[in-house]
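As structure tokens, the structure follows; a few thoughts come after it.
Heavy atoms only: backbone and side chains are in, while hydrogens, waters and symmetry mates are out. Order of the sequence lines sets the chain letters (A, B, ...), proteins ahead of strands, with each chain counted from 1.
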Protein chains: 2
Amino acid sequence: MPEPISPKQSMLEQFAAVAKALASAPRLDLLELLAQGERGVEGVAAAAGLSVANASQHLQVLRRVGLVVSRKAGLQVLYSLADDDVLELLAALRRTAERHVAEVDRLVRGYFHEKDALEPVSRQDLVRRMRDGLVTVLDVRPPEEYAAGHLPTSVNIPLKELHRRLDEVPEGADVVAYCRGPYCVLAFEAVAALRQMGRTARRLEDGFPEWRAAGLPVEKGTGA
Amino acid sequence: MPEPISPKQSMLEQFAAVAKALASAPRLDLLELLAQGERGVEGVAAAAGLSVANASQHLQVLRRVGLVVSRKAGLQVLYSLADDDVLELLAALRRTAERHVAEVDRLVRGYFHEKDALEPVSRQDLVRRMRDGLVTVLDVRPPEEYAAGHLPTSVNIPLKELHRRLDEVPEGADVVAYCRGPYCVLAFEAVAALRQMGRTARRLEDGFPEWRAAGLPVEKGTGA
DNA sequence: TTATTAATCAATAAATTAATTGAATAATTG
DNA sequence: CAATTATTCAATTAATTTATTGATTAATAA
């Protein structure tokens with residue numbers, strides 16, 4: 001990198017640095033995880049399938065450009081998203097990719113769409129149906145993420161346990177499942193699985209972080 | 001890059017690829033130039049200070065991820081932004097950098113702000129003042145970019161010629177200068193220069209591409 | 001057909017980035 | 001104070017990215 005000269009070049013270098021931090025699949029994965037709530041290095045490393053040292057270095061890259069922040073809590077270093085701007089940036093990135101990259105379109109059509117032929121439920125729709133008590137809200141994320149924050153009245157059954165714990169979903173209930181974000185596979189799989197088991201289920205458009213960022217009510221804890 | 005396995009990983013790879021295309025100062029520069037309008041390789045190369053071969057390769061990187069499109073016109077290959085999504089993504093990137101990267105803040109305060117102590121004029125403000133005929137709109141971009149599209153009633157005096165052509169700016173006029181975008185240096189410099197010469201001048205918030213994308217009226221030609 | 005022009009391609013060297021390993025540090029607990 | 005735990009640091013290797021150079025292709029004009 002040659003010494004930046006003009007202020008214009010310096011600015012562009014800074015913008016490029018932010019983009020560079022986003023330019024890695026594992027780091028995007030970490031960002032999605034942190035969007036669920038504050039979490040330690042070991043936690044995200046395990047969830048993302050990275051070694052701890054590797055995750056630590058990726059997190060530092062993200063911190064250096066201000067996309068995430070960290071604080072010490074005893075032995076742990078807890079990382080979290082810097083703020084909701086970052087969610088918007090990620091959403092813009094997804095939107096652009098979705099509209100312009102043929103491969104994304106192929107994946108959406110081929111895999112995601114096939115798993116969920118019906119339209120997802122919008123946030124406003126779900127708010128209405130929750131108010132009228134007409135819906136069972138299902139959070140299919142791992143318990144740590146549920147504990148860090150979830151939709152009010154939601155029940156946490158991680159995807160892996162869905163078959164085993166089907167009895168916790170009232171028969172005949174109208175299920176809306178959600179997870180980490182718009183392309184989080186968990187909710188797709190959950191809806192597919194529930195339908196196969198004869199239940200009525202749909203998917204929430206995008207996930208918990210977007211719900212929270214929209215200023216809708218959120219509950220914490222009840223995860224232990 | 002290891003073979004992507006899960007659909008989730010594949011999606012993340014695609015998003016990362018888009019971010020990677022943005023992760024280069026020269027490419028961001030090219031995008032800002034193309035945001036002014038369609039342009040050939042040689043044109044953008046010269047404007048960005050790159051060799052033609054280098055610019056060509058960068059443009060192909062951008063095209064591969066769908067951020068720009070190209071068409072042949074005789075001998076030339078004309079590139080342009082894929083669409084206004086891309087402007088939004090760039091804006092989100094700038095916004096995040098502005099809020100989270102200390103160095104950007106430093107540059108904005110130190111260089112850009114110092115050059116323009118007063119608030120910029122908002123688009124809506126300018127629309128109003130144009131309608132009332134109370135303002136001289138000054139486009140300080142190079143003539144090629146002006147020719148490809150500009151604000152109605154605007155006068156094109158490239159920054160470099162501003163001193164020489166000061167007589168074209170009516171004395172006592174209320175000047176609003178604009179250029180390529182929110183951090184385009186040209187308008188900052190123009191406002192500073194005009195004030196030094198005793199004129200009344202302010203800067204339009206962001207630039208021509210944002211004006212056009214907001215659906216406001218645009219003129220073409222008159223550049224030859 | 002032969003030049004000419006605009007753009008791309010191919011090959012290279014330098015620089016950066018990514019993941020792994022093992023060592024080092026820092027905060028707590030026994 | 002020693003041991004434990006969570007994280008970071010440092011060094012390495014492999015892979016990718018960048019800009020440069022010169023050759024090549026494609027479209028037009030002489």
Side-chain angles (χ1 to χ4, degrees), chain A residues 1-5 9 12-14 16-31 33-34 38-65 67-80 144, chain B residues 1-5 9 12-14 16-31 33-34 38-65 67-80 144:
Chain A
M1 210 185 293
E3 272 309 295
I5 23 170
Q9 288 307 312
L12 291 178
E13 299 277 356
Q14 300 302 321
V18 174
K20 202 168 289 186
L22 297 174
S24 143
R27 282 198 294 269
L28 291 175
D29 206 357
L30 292 175
L31 286 172
L33 286 165
L34 294 178
E38 197 180 41
R39 204 138 176 219
V41 177
E42 205 175 325
V44 285
L50 302 174
S51 76
V52 170
N54 194 10
S56 172
Q57 303 203 122
H58 280 306
L59 289 168
Q60 287 174 69
V61 170
L62 293 170
R63 186 173 51 190
R64 230 171 280 140
V65 298
L67 291 171
V68 308
V69 294
S70 67
R71 66 183 182 95
K72 288 211 85 164
L75 270 186
Q76 290 198 96
V77 176
L78 298 176
Y79 282 85
S80 52
E144 304 85 1
Chain B
M1 211 185 294
E3 272 308 296
I5 22 170
Q9 287 307 312
L12 291 178
E13 299 278 356
Q14 300 302 321
V18 174
K20 201 169 291 188
L22 296 175
S24 142
R27 283 198 294 271
L28 291 175
D29 205 358
L30 292 175
L31 286 172
L33 286 166
L34 294 179
E38 196 180 42
R39 205 139 175 216
V41 177
E42 206 176 323
V44 285
L50 303 175
S51 76
V52 171
N54 194 11
S56 172
Q57 303 201 122
H58 280 305
L59 288 168
Q60 286 173 71
V61 170
L62 293 170
R63 186 173 52 191
R64 231 171 279 139
V65 299
L67 291 171
V68 309
V69 294
S70 67
R71 67 183 180 95
K72 288 211 84 165
L75 269 185
Q76 290 199 98
V77 176
L78 298 176
Y79 282 85
S80 52
E144 304 84 1

Pick the closest DNA chain D nucleotide for A/Arg39 and for B/Val61 by heavy atoms, then say which residue is nearer the 5' end.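 It is A/Arg39 whose nearest nucleotide is closer to the 5' end.
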Interface residues of residues 67-76 of chain A with DNA chain C (non-hydrogen, below 4.0 angstrom):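 Result for residues 67-76 of chain A: A/Lys72, A/Gly74, A/Leu75, sorted by number.
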Please round to the nearest 0.5 Å and tell me the distance separating atom CD of B/Gln14 and atom NZ of B/Lys20.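 Taking CD in B/Gln14 and NZ in B/Lys20, the distance rounds to 11.0 Å.
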Salt bridge (charged side-chain N to carboxylate O under 4.0 Å, His left out): pairs with one or both residues in residues 68-79 of chain B, sequence neighbours excluded: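 Every pair satisfying salt bridge (charged side-chain N to carboxylate O under 4.0 Å, His left out) with a residue in residues 68-79 of chain B: B/Glu38-B/Arg71.
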Could you name each residue pair satisfying salt bridge (charged side-chain N to carboxylate O under 4.0 Å, His left out) that touches residues 39-50 of chain A, not counting sequence neighbours?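 Residue pairs with at least one partner in residues 39-50 of chain A: A/Arg39-A/Glu144, A/Arg39-A/Glu145.
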Quick one: side-chain contact (heavy atoms from CB on, under 4.5 Å) partners of [X], sequence neighbours excluded?
| X | result |
| --- | --- |
| B/Ala48 | B/Asp29, B/Leu30, B/Leu33, B/Leu50 |
| A/Val61 | A/Ala21, A/Arg27, A/Arg64 |
| A/Ala45 | A/Val52, A/Ala55 |

Show the distances under 3.5 angstrom between N or O atoms of the protein and N or O atoms of nucleotides 9-11 of chain C.
from, atom 1, to, atom 2, distance (Å)
C/dC9, OP2, B/Gln60, OE1, 2.6

OP1 or OP2 of D/dT17 under 4.0 Å from side-chain N/O of B/His58: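 For D/dT17, neither OP1 nor OP2 has a side-chain N or O of B/His58 closer than 4.0 Å.
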Distance below 4.0 Å between B/Tyr79 side-chain N/O and C/dT8 OP1 or OP2: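 It does, given that an N or O in the side chain of B/Tyr79 lies less than 4.0 Å from OP1 or OP2 of C/dT8.
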Sorted by number, the residues of residues 21-31 of chain A with heavy-atom contact under 4.0 Å to DNA chain D: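 Nothing qualifies; none.
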Find the distance [X]:[atom1] to [N]:[atom2] and express it as a whole number of Å.
| X | N | atom1 | atom2 | result |
| --- | --- | --- | --- | --- |
| B/Leu78 | C/dA6 | CG | C1' | 11 Å |
| B/Glu13 | D/dT16 | CD | P | 11 Å |
| B/Leu50 | C/dT8 | CG | C1' | 16 Å |

My understanding is that only residues two or more places apart in sequence, or in another chain, count here; which of them pass side-chain hydrogen bond (donor to acceptor under 3.5 Å, both in side chains) with B/Ser24?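 Per chain and number, B/Ser24 pairs via side-chain hydrogen bond (donor to acceptor under 3.5 Å, both in side chains) with no residue.
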Got a sec, which residues hit side-chain hydrogen bond (donor to acceptor under 3.5 Å, both in side chains) with B/Ser56, two or more places apart in sequence or on another chain?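 side-chain hydrogen bond (donor to acceptor under 3.5 Å, both in side chains) list for B/Ser56, sorted by chain: B/Gln60.
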Which pair of non-hydrogen atoms, one from [X] and one from [Y], has the smallest distance, and what is that distance?
| X | Y | answer |
| --- | --- | --- |
| B/Gly40 | B/Gln76 | CA-OE1, 4.0 Å |
| A/Ala73 | A/Leu78 | CB-CD1, 3.8 Å |
| B/Leu34 | B/Tyr79 | CD2-O, 3.5 Å |

Using the side chain to side chain contact (heavy atoms under 4.5 Å, CB included) rule, pick out the option among B/Leu59, B/Val44, B/Leu62 that qualifies with B/Leu31.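 So, applying the side chain to side chain contact (heavy atoms under 4.5 Å, CB included) to B/Leu31 and each of B/Leu59, B/Val44, B/Leu62, only B/Leu62 qualifies.
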Let's see if you can work this out: which of C/dT8, D/dA6, C/dT20 has an atom nearest to the side-chain heavy atoms of A/Asn54?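 Of the options given, the side chain of A/Asn54 lies nearest C/dT20.
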Below 4.5 Å, heavy atoms only, C-beta onward: do B/Val65 and B/Leu22 meet side chain to side chain?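 They are not in side-chain contact.
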Overall bend - the helix from C/dT1-D/dA30 to C/dG30-D/dC1, comparing terminal axes fitted on five pairs, nearest 10 degrees: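 Between the first-five-pair axis and the last-five-pair axis there is 10°.
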